[in-house]
S.K.: 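Here's a structure for you.
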Amino acid sequence: MKIATWNVNSIRARLERLLQWLEKECPDVLCLQELKVTDDDFPFDAIQKAGYRAAVHGQKTYNGVAILSREEPERIERGLMDDVDDPQARLLAADVGGIRIVSAYFPNGAEVGSDKFVYKLEWMERLGKYLDRLLGSGNSVFLCGDFNVAPDDKDVAHPEQWQDTVLCVPEVRQALERIRERGFEDVFRKHHPQGGIYSWWDYRQLGFPKNNGLRIDHLFATPELAVRCVSARVDRDERKGKGASDHAPVIAEFKD
DNA sequence: ATGGTTGCTTAGCAA
């Protein structure tokens, strides 16, 4: 079983690349982030022709997440399901093959100390409570997506340049660690403990040509799932050329 | 250094 996550930065702008990638990579499940379309504008027909079903939690212009899968996704749930009135479409869960798949697009946070940064930290706290409910019912959970956090300096090409930013400050790293500690293993780290592999490169200032990257897209699995994970990798080639997303897909494979 | 690039929406925001 192959499960991947990819922040496509607009599914409209990335549709041709996405279809080609599905044909090349044939994942069983693909979690998408930053669709930037409403459910009505999601390209269901093209995705179905490619052999995939889609659960979608869309939003106009910003955010938007989806789960594509060969099998029909079941028990679809949108959002964090708490008492906060939050219009941002950043979380989607569905069952595929007996696994609770969660596609998450964590807030970026803009600048440390800004209102958006406060929202990021609060959103991560809310996600923690959401996961407590999920894990409490004994689910096998695969939480993946654009977490907008580089967990460690070894996940950053130039840590000194990023240490005080919203992707790296100790506050967000600690918040992510509190989520992981609820019962997940970072299955990419499991296979690449040395670091030095990245999933996002800024469009600006030649981020990709200079390999000024960060690993902010993650695959978190509960233990019984993590032991079955036999490989994990970043498809760096997908970041190349004109019309690439600023994120590359991250892929994990599981034995049966 | 408040830059640079991309996408959505149409000059300004978010990333």
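Chain naming here is simple, since letters A, B, ... match the order of the sequence lines and numbering starts at 1 in each.
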S.K.: Please list each protein N or O that sits under 3.5 Å from an N or O in nucleotides 13-15 of chain B, with the distance.
M.R.:
from: B:dA14; atom 1: OP2; to: A:K116; atom 2: NZ; distance (Å): 3.2
from: B:dA15; atom 1: OP1; to: A:R90; atom 2: NH2; distance (Å): 3.4
from: B:dA15; atom 1: N6; to: A:R204; atom 2: NH1; distance (Å): 3.3

S.K.: For the P atoms, the ones on B:dT2 and on B:dC8, what distance do you get once it is rounded to whole angstrom?
M.R.: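 Comparing P positions in B:dT2 and B:dC8 gives a spacing of 28 Å.
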S.K.: Only pairs at least two apart or in different chains count here, so list each salt bridge (charged side-chain N to carboxylate O under 4.0 Å, His left out) that has a residue in residues 186-197 of chain A.
M.R.: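 Residue pairs with at least one partner in residues 186-197 of chain A: A:D155-A:R189, A:D186-A:R215.
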S.K.: Side chain to side chain contact (heavy atoms under 4.5 Å, CB included) with A:Y119: which residues, sequence neighbours excluded?
M.R.: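 Side chain to side chain contact (heavy atoms under 4.5 Å, CB included) check on A:Y119 returns A:D86, A:Q88, A:R90, A:P107, A:W123, A:R126.
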S.K.: May I ask you to verify if any side-chain N or O of A:K242 is less than 4.0 angstrom from the OP1 or OP2 atom of B:dT6?
M.R.: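 Indeed not, no polar side-chain atom of A:K242 lies that close.
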S.K.: Please report the distance, rounded to the nearest Å, between NZ in A:K210 and P in B:dT5.
M.R.: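 Rounded to whole Å, this separation is 12 Å.
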S.K.: Rounding to the closest angstrom, what is the interatomic distance between B:dA1 and B:dG12 at atom P?
M.R.: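 To the nearest whole Å, 25 Å.
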S.K.: In terms of the nearest nucleotide of DNA chain B, which residue is placed more toward the 5' end: A:E111 or A:T61?
M.R.: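 Upstream on the strand: A:E111.
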S.K.: My understanding is that only residues two or more places apart in sequence, or in another chain, count here; which of them pass side chain to side chain contact (heavy atoms under 4.5 Å, CB included) with A:D237?
M.R.: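 With neighbours one apart ignored, the set is A:D235, A:K240.
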S.K.: Please identify each residue that fulfils side chain to side chain contact (heavy atoms under 4.5 Å, CB included) with A:E177, with sequence neighbours left out.
M.R.: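 For A:E177, the residues satisfying side chain to side chain contact (heavy atoms under 4.5 Å, CB included) (neighbours in sequence not counted) are A:R180, A:E181.
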S.K.: Check whether more than 12 heavy atoms from other residues, nucleotides or ligands sit under 6.0 Å from atom CD of A:Q194, and answer yes or no.
M.R.: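 Check passes, neighbour count above 12.
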S.K.: What distance, rounded to whole Å, do you find between the two P atoms, one in B:dT5 and one in B:dT9?
M.R.: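 Per the computed distance, 22 Å lies between those P atoms.
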S.K.: Kindly determine whether A:R204 and A:D202 satisfy salt bridge (charged side-chain N to carboxylate O under 4.0 Å, His left out), including the steps that lead there.
M.R.: CA-CA 5 Å; A:R204 297 165 290 187; A:D202 202 319; 3.1 Å; yes
S.K.: Check the distance between B:dT10's C1' and A:K60's NZ and give it to me in whole angstrom.
M.R.: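 It is 12 Å, rounded to the nearest whole Å.
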S.K.: Could you identify which residues cluster with A:I11, counting Ile, Leu, Val, Met, Phe, Trp and Tyr as linked when any side-chain heavy atoms lie under 4.5 Å apart, either directly or through a chain of such contacts?
M.R.: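 Direct or chained contacts put A:I11 with A:W6, A:V8, A:L15, A:L18, A:L19, A:W21, A:L22, A:L30, A:L32, A:L35, A:V37, A:F42, A:F44, A:I47, A:Y52, A:V56, A:L68, A:I251.
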S.K.: With sequence neighbours left out, what residues match A:V112 under side chain to side chain contact (heavy atoms under 4.5 Å, CB included)?
M.R.: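 Here the qualifying residues are A:F117, A:V166, A:V169.
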S.K.: Which of residues 161-180 of chain A have a heavy atom under 4.0 Å from DNA chain B?
M.R.: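 Those residues: none at all.
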S.K.: Report yes if a side-chain nitrogen or oxygen of A:R14 is closer than 4.0 Å to either non-bridging phosphate oxygen (OP1 or OP2) of B:dG7; otherwise report no.
M.R.: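 Answer yes for this pair, as a side-chain N or O of A:R14 is under 4.0 Å from OP1 or OP2.
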S.K.: Closest to the A:Q205 side chain: B:dG7, B:dG4, B:dT9?
M.R.: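 Nearest listed nucleotide: B:dG4.
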S.K.: Among residues two or more places apart or on two chains, list those pairs meeting salt bridge (charged side-chain N to carboxylate O under 4.0 Å, His left out) that have a residue in residues 127-149 of chain A.
M.R.: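 Sorted result for residues 127-149 of chain A: A:D132-A:R182.
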